[in-house]
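Below is one structure; the comments refer to it alone.
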Amino acid sequence: MKEPLRITVTGAAGQIGYAMLFRIASGEMLGTDQPVILQLLEIPPAMNALEGVVMELQDCAFPLLRGVVSTSQPEEAFSGADFVLLVGARPRGPGMERKDLLEANGAIFTGQGKAINDYASKNVKVLVVGNPANTNCLIAVNNAKDLNPEQFSSMTILDHNRAIALLAERTGVHIDEVQNLAVWGNHSATMFPELLSASVGDTPALELVTFDWYRDQFIPKVQQRGAEIIRARGSSSAASAANAAIQHMRLWSLGTRTITSMGIVSCGDYDITEGIVYSFPVTCGAGKIEIDKSRSLDDFCVERMRLTERELLEERDAIKHLL
Ligand code: NAD
Ligand code: LMR
């Protein structure tokens with residue numbers, strides 16, 4: 001049997017935490033041969049609720065679950081962590097943009113970035129889910145001075161999945177047939193779900209849908225899907241977000257040659273400003289996220305990629321005191 005790996009989840013008593021922990025403990029994230037220890041962080045007012053979640057985890061008698069730590073102390077929660085899912089943050093309500101949360105949530109990621117730096121495994125992989133995810137990830141990276149920026153990423157697989165599902169529905173195929181789609185930029189209303197390189201079966205996607213549908217319906221629908229769910233449910237996506245976070249960590253650790261989308265620290269590829277956390281089309285191999293550098297882009301793509309880059313630069317300016 002393998003040695004257990006330590007997985008930290010922050011905001012563990014929240015909606016996404018509740019939809020995620022049981023699946024991680026059952027082996028869906030790291031495999032059904034990989035024992036895990038869950039290290040759950042909450043703020044003091046949520047510790048009672050967290051104790052209830054811990055009881056339910058015990059009551060599942062998961063064979064792979066080798067321990068559960070529940071704490072409100074970051075140093076304890078991040079201690080020796082191999083994987084960290086930074087979920088704990090306020091969600092937006094109706095009528096808000098995700099960047100409206102920067103003031104409330106940004107500071108969380110300075111302290112947690114430092115604590116990860118000081119207490120987690122030196123090989124830790126960190127995924128930021130709490131919104132605005134790209135810029136919170138930027139804050140965490142910049143506060144984890146001894147770690148490699150490649151150890152941090154932010155979540156846009158949910159947007160990627162939304163885009164695949166929408167295109168599959170429109171073209172009347174199973175989602176497996178949609179390949180090579182990409183979500184660029186910010187997890188926000190400016191994100192750019194790109195179809196230029198996407199295919200459906202063996203056919204280029206843009207031969208199956210009109211450019212007007214792509215520009216006027218597909219892109220806005222993907223951009224606004226989070227808000228649409230908030231309007232319908234009264235609270236933000238949870239099960240689909242938890243699913244995406246598990247998928248992101250699984251692909252990152254176990255590898256994939258299929259293109260997906262992840263927010264990572266830009267090294268200047270595709271001419272995107274270095275240092276910002278920007279979603280790129282990626283594959284994963286040997287525990288590393290690799291940008292797909294082979295895409296051709298037209299003027300429409302470049303314009304949309306710049307727009308979302310500009311928003312990320314504005315967000316960075318708004319929190320520069322936290323970097
Ligand atoms: P929630 O309010 O149900 O849960 C958040 C939890 O975080 C709460 O239990 C709260 O006590 C805890 N928390 C707050 N501050 C904390 C801190 N400093 N340390 C540890 N825990 C803390 O919210 P949710 O629905 O679970 O969403 C969590 C975050 O994820 C929100 O910011 C939401 O907008 C974001 N989100 C992102 C995506 C994405 O695609 N990137 C998708 C869905 C939701
Ligand atoms: C989502 O995309 O569902 C999340 O980011 C929640 C939100 O605020 O839209």
Side-chain angles (χ1 to χ4, degrees), residues 8-21 39-53 70-78 84-116 127-137 139-140 153-163 165 183 185-191 193 221-249 260-263 277 279:
T8 303
V9 177
T10 71
Q15 292 200 87
I16 297 176
Y18 195 70
M20 173 189 276
L21 296 176
Q39 307 193 154
L40 311 179
L41 181 68
E42 261 297 349
I43 50 175
M47 287 307 288
N48 273 346
L50 184 58
E51 285 318 313
V53 176
S70 60
T71 178
S72 58
Q73 304 300 318
E75 55 277 22
E76 192 181 356
F78 295 122
V84 171
L85 295 101
L86 295 178
V87 181
R90 246 173 63 188
R92 65 175 167 156
M96 292 172 75
E97 289 299 335
R98 297 181 187 92
K99 64 184 165 202
D100 298 336
L101 294 167
L102 255 189
E103 199 170 325
N105 288 343
I108 295 174
F109 295 85
T110 55
Q112 293 187 353
K114 288 189 180 113
I116 291 167
L127 167 64
V128 179
V129 175
N131 275 321
N134 299 54
T135 298
N136 288 338
C137 183
I139 296 169
S153 57
S154 72
M155 194 165 92
T156 50
I157 282 196
L158 177 56
D159 309 300
H160 189 97
N161 289 344
R162 288 168 172 167
V183 173
N186 201 1
H187 174 61
S188 78
T190 65
M191 77 179 81
K221 180 100 177 162
V222 178
Q223 290 173 331
Q224 293 299 330
R225 184 62 160 188
E228 192 183 354
I229 289 169
I230 292 171
R231 278 196 301 278
R233 261 172 46 86
S235 54
S236 58
S237 64
S240 55
N243 179 66
I246 289 168
Q247 184 186 4
H248 181 117
M249 285 310 213
T260 188
S261 302
M262 295 180 177
V277 176
S279 178

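Whatever order the structure lists them in is the order used to number ligands and atoms, beginning at 1.
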For atom 6 (C) of ligand 2, closest protein heavy-atom neighbour: S236 CB, 3.7 Å
4.5 Å side-chain heavy-atom contact, [X] and [Y]:
{"X": "T71", "Y": "Q39", "result": "no"}
{"X": "H187", "Y": "N131", "result": "yes"}
{"X": "T260", "Y": "V183", "result": "no"}

With nothing but distance in play, are any N or O atoms of [X] less than 3.5 Å from an N or O of ligand 1?
{"X": "G88", "answer": "no"}
{"X": "V129", "answer": "yes"}
{"X": "R90", "answer": "yes"}
{"X": "S237", "answer": "no"}

Any atoms of ligand 1 less than 4.0 Å from a non-hydrogen atom of [X]? List them with their elements.
{"X": "G11", "result": "6 (C), 7 (O), 12 (C), 20 (C), 21 (N)"}
{"X": "I108", "result": "15 (N), 18 (N)"}
{"X": "L158", "result": "40 (O), 42 (C)"}
{"X": "Q112", "result": "17 (C), 18 (N), 19 (N)"}
{"X": "A241", "result": "42 (C), 43 (C)"}

Kindly identify the option in [options] whose heavy atom sits closest to [atom].
{"atom": "atom 1 (C) of ligand 2", "options": "R225, R92, R162, E97", "value": "R162"}
{"atom": "atom 14 (C) of ligand 1", "options": "G263, S240, A89", "value": "A89"}
{"atom": "atom 2 (O) of ligand 1", "options": "A13, P91, A19, G14", "value": "P91"}

Residue-ligand contact G130/ligand 1, heavy atom below 4.0 Å: yes
R98 near ligand 1 by a heavy-atom separation under 4.0 Å: no
I'd like to know whether ligand 2 has [X] as a neighbour, heavy-atom separation below 4.0 Å.
{"X": "H187", "result": "yes"}
{"X": "E228", "result": "no"}
{"X": "I229", "result": "no"}

Close N or O approach (D159, ligand 2; < 3.5 Å): no
Numbered atoms of ligand 2 (with element) below 4.0 Å of G226, judged on heavy atoms: 1 (C), 2 (O), 3 (O), 9 (O)
Interfacing atoms of ligand 2 (cut-off 4.0 Å, heavy-atom, R98): 1 (C), 2 (O), 4 (C), 5 (O), 7 (C), 8 (O), 9 (O)
